[in-house]
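Proteins come first, then strands; the chains are lettered A, B, ... in the order of their sequence lines, and each starts at number 1. Since we're looking at a predicted model, the values are computed, not measured.
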Amino acid sequence: MRWSQAFIPTLREDPAEAEAASHRLLTRGGFIRQLSAGHYSMLPLGQRVRARIGRIIRREMDAIGGQQFHLPALIPGELWKRSGRWDLVGEELFRLVDRKAADFVLGFTHEEVFAHLATEVPSYRDLPQIWYQIQTKFRDEPRPKGGVLRVREFTMKDSYSLDVDTAGLDAAFDLHHGAYRRIFGAIGLEAIDVEASSGAMGGTKSVEFVVRSPAGEDWIVTCPKCDYRANLERAVSAPSPIRDPAGEAKLERFPTPGIKTIAALAESFPNDAPPERQIKTLVYLLDGALTLVLVRGDHELLEQKLVDATGAANLRPATAAEIRSALGADPGSLGAVNVTGYQIIADNELSGRSHLVTGANQDDFHYRGVDVGRDIAVGKWASLRTTKAGEPCIRCGSSIEIWKGIEVGHIFKLGTKYSKVMGALVQDDDGQSHPIVMGSYGIGLERAMAAVVEANHDERGIIWPPSIAPYQVVLTVLRVDDPDTMSAGERLYANLLDRGVDVILDDRDERPGVKFADAELIGIPYRVTIGPKGLRAGKAELTTRRGLSTEEVELGALGSRLAELLS
RNA sequence: CGGGAUGUGGCGCAGCUUGGUAGCGCACCUGCUUUGGGAGCAGGGGGUCGCCGGUUCAAAUCCGGCCAUCCCGACCA
């Protein structure tokens, strides 16, 4: 490619709206342009990078036996109604209606369609299968942000494994796990795998690949000493040792006029009611059912854990009016002691505790001497609280760390949720029909591209890893009006093309500073500079983008030197 | 959905308080000079001032409504 003929609209100044480094640099470098909130055009440079990422993904997916498909993005609503996701997903799903008034959705992911196709797999002998595609996905995100980090329309590699049984699923899951490690390694991302919540996807297990970055939106818990690592939504820490007073607790109601908060109660009754000896009672509606949710006074509920523990599709805090009508008191005096008729779910760390304090469901009164096992009819125990930095690791007791990461991939063990409803069954050797056991696996291509930029840039611009750079080498001719220099540049350009080097020839009639600044902004890994001075000595300069170190190389040796660097 | 901010040539911004000829830098076009780190001089082209309505002799500017975009939060596979 000749730069003089390329459409590479670089900007000298940062776009006003861009905050995240990847958003700023990809826009300035002429890789992407925003069309509307959450929708971006890929300009030629952006398209090249995304295509390279796609190529690496295809290579690794094919290597584990994946077969590439391409499904419609526009899917009959019927399939989504059958899977239940028509109702489950809500506003995040783009829905439309055709001229015959039939419902359609824009694909969010493609479990339904692939499971539908899987009905044509006739026998267990045809399994396992790994099916994948690289295709546009649509999600009506409430708040797109960070350039292409979080968008409403994006490209995803989504794959689906089909197996006879869970042992087969485990194997397919492990294959993907390995392929994902190789993919992220190849595109230059230090992605680490963490235990994650499956969310509305359902299924038994999921692992998320995250890249550490302040621009990320996932909170990740890791232990510096052992290999424990999990998304905050899944993370647990070792319970802190708390000794309740010995002896049987005597349940007793006592007046607490005007006290509405854990902190106020602790202040007024420092001996009876320090926060870790209180029970915080929260009231939620889980799919319409009023539920009491209990955590320790100094702990915070993590709503996703409540969703995961109960399988609820819809969850919201109860209103003050709903609470008063159910329990007879206002928030501030709520408790679960002797409450019946509502489901009660409690955090594991309340298990076995006694001599605790909680609201009495009567304004301005609390109970003390609460014994959880004796006084509260807990229907379900689960980890519900938010883990905090510095708490002891569940495995080794070291102080855990919490940091922000970008989710670049997520792999799920789905089970039979979709195959059952779509009727994707195979017969076993006894002639019995079984639903196919499925997994699903996703990588967001533009997000991966942005994550690479977040992790690889400096004040001058992007530093692409050679594997996904839009061009591997930029050949910068300093004096295009000087016939000797230009023809030397042309010869070298032809020579590099012959060697299969992906090179762009900067033949623009621009001043050197402009050319250098652009090359550094768009992040081409290697720059060869040809100018009249060096040419007289038969040399060119070779500059490495990362670190901007420069070496002088004989013209004749450049091809082999670059081949060496790029191998 | 709640809070905050911003909408003026392709990009970055001033002008709005106090209503009266739409302006600056970059980019772009032409010419000359210049050429190893974002050149200089001269000339030139390009804007429904987000949209709708109102006030006024007169609105980028004042008032009302709406829309869009960004940031924080809620939410989020």
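The interatomic distance linking Arg508(A) (CZ) with A39(B) (P) rounds to 12 Å, in whole Å. As rounded to whole Å, 17 Å separates atom P of C1(B) from atom CZ of Arg316(A). Atom CD in Glu407(A) sits roughly 9 Å away from atom P in A77(B) (whole-Å rounding). Rounded to an integer number of Å, the gap from CZ of Phe154(A) to P of A77(B) is 12 Å. Distance CG (Asp506(A)) to P (G38(B)): 15 Å, rounded to an integer number of Å.
At least one test fails for Lys137(A) against the ring of Phe154(A): distance under 6.0 Å to the centre or angle within 45° of the axis. For Arg527(A) and Phe516(A), the positive end sits near the middle of the six-membered ring, less than 6.0 Å away and at most 45° from its axis. Trp464(A) does not carry Arg546(A) over the face of its six-membered ring by the limits of under 6.0 Å from the centre and within 45° of the normal.
For His410(A) and Leu521(A), each mapped to the nucleotide of RNA chain B holding its nearest heavy atom, the one lying further toward the 5' end belongs to Leu521(A). Nearest-nucleotide positions on RNA chain B for Thr10(A) and Glu208(A) put Thr10(A) closer to the 5' end.
Nucleic acid contact for Arg28(A): base, since at least one base atom lies under 4.0 Å from a heavy atom of the residue.
For the P atom pair drawn from A74(B) and G3(B), the interatomic distance equals 15 Å after rounding to whole Å. Rounded to the nearest Å, the gap between the C1' atom of G10(B) and that of A27(B) is 7 Å. A distance of about 9 Å separates the C1' atoms of U8(B) and C13(B), rounded to the whole Å. The separation of G37(B) from C29(B), taken at their C1' atoms, amounts to 26 Å, rounded to a whole angstrom. G43(B) and U48(B) have their C1' atoms separated by 28 Å, given to the nearest Å. Of the P atoms belonging to U18(B) and C62(B), the separation is 9 Å, rounded to the nearest Å. Spacing between G50(B) and A60(B) at atom P, rounded to whole Å, works out to 10 Å. The gap from the P atom of G9(B) to that of C51(B) amounts to 10 Å, rounded to the nearest Å.
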* Run the side-chain hydrogen bond (donor to acceptor under 3.5 Å, both in side chains) check on Ser383(A) and Lys305(A) step by step: do they pass? -> CA-CA 7 Å; Ser383(A) 168; Lys305(A) 286 190 170 181; 3.0 Å; yes
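Figure legend. G73(B) is base-paired to C1(B); pairs are counted as Watson-Crick or G-U wobble with both atom distances under 3.5 Å. With a 3.5 Å ceiling on both atom-pair distances, U56(B) lacks any Watson-Crick or G-U wobble partner. In a base pair of the Watson-Crick type (N1 to N3 plus N6-O4 or O6-N4) or a G-U wobble (N1-O2 and O6-N3), with each distance short of 3.5 Å, G19(B) is matched with no nucleotide. With a cut-off of 3.5 Å on both pairing distances, G38(B) has no Watson-Crick or G-U wobble partner at all. Across every strand in view, G45(B) sits unpaired, with no contact that passes the Watson-Crick or G-U test at under 3.5 angstrom. Searching all strands for a Watson-Crick or G-U wobble partner of G25(B) with both distances below 3.5 Å returns C11(B). When both distances must be under 3.5 Å, the Watson-Crick or G-U wobble mate of U6(B) is A68(B).
A centroid separation of 6.0 Å or more is found between the aromatic rings of Tyr471(A) and Trp3(A). Separation of the Phe184(A) and Phe209(A) ring centroids falls under the 6.0 Å cut-off. Taking the six-membered ring wherever Trp is involved, the centroid distance between the rings of Phe114(A) and His116(A) does not fall below 6.0 Å.
Judged as a side-chain contact (heavy atoms from CB on, under 4.5 Å), and not counting sequence neighbours, the contacts of Ile75(A) are Leu79(A), Trp80(A), Val105(A), His110(A), Val113(A).
For the atom pair Gln68(A) CD and Ile130(A) CD1, the distance stands at 14.0 Å (nearest 0.5 Å).
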* Asked: Which parts of nucleotides 24-37 of chain B does protein reach within less than 4.0 Å, heavy atoms only, written one letter per nucleotide 5' to 3' as B for base, S for sugar-phosphate only and - for none?
  -> -BSS------BBBB
* To do: Assign a letter to each nucleotide of nucleotides 67-75 of chain B from its 5' end: B, base within under 4.0 Å of a protein heavy atom; S, sugar-phosphate only; -, no contact.
  => --SSBBBBB
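Closest non-hydrogen pair, Gly489(A) versus Leu475(A), comes out as O-CD2, 3.6 Å.
In this model, no side-chain donor or acceptor of Asp14(A) finds a partner on the base of G12(B) within 3.5 Å.
Under the 4.0 Å criterion applied to side-chain N and carboxylate O atoms, Glu300(A) and Lys280(A) are not assigned as salt-bridge partners.
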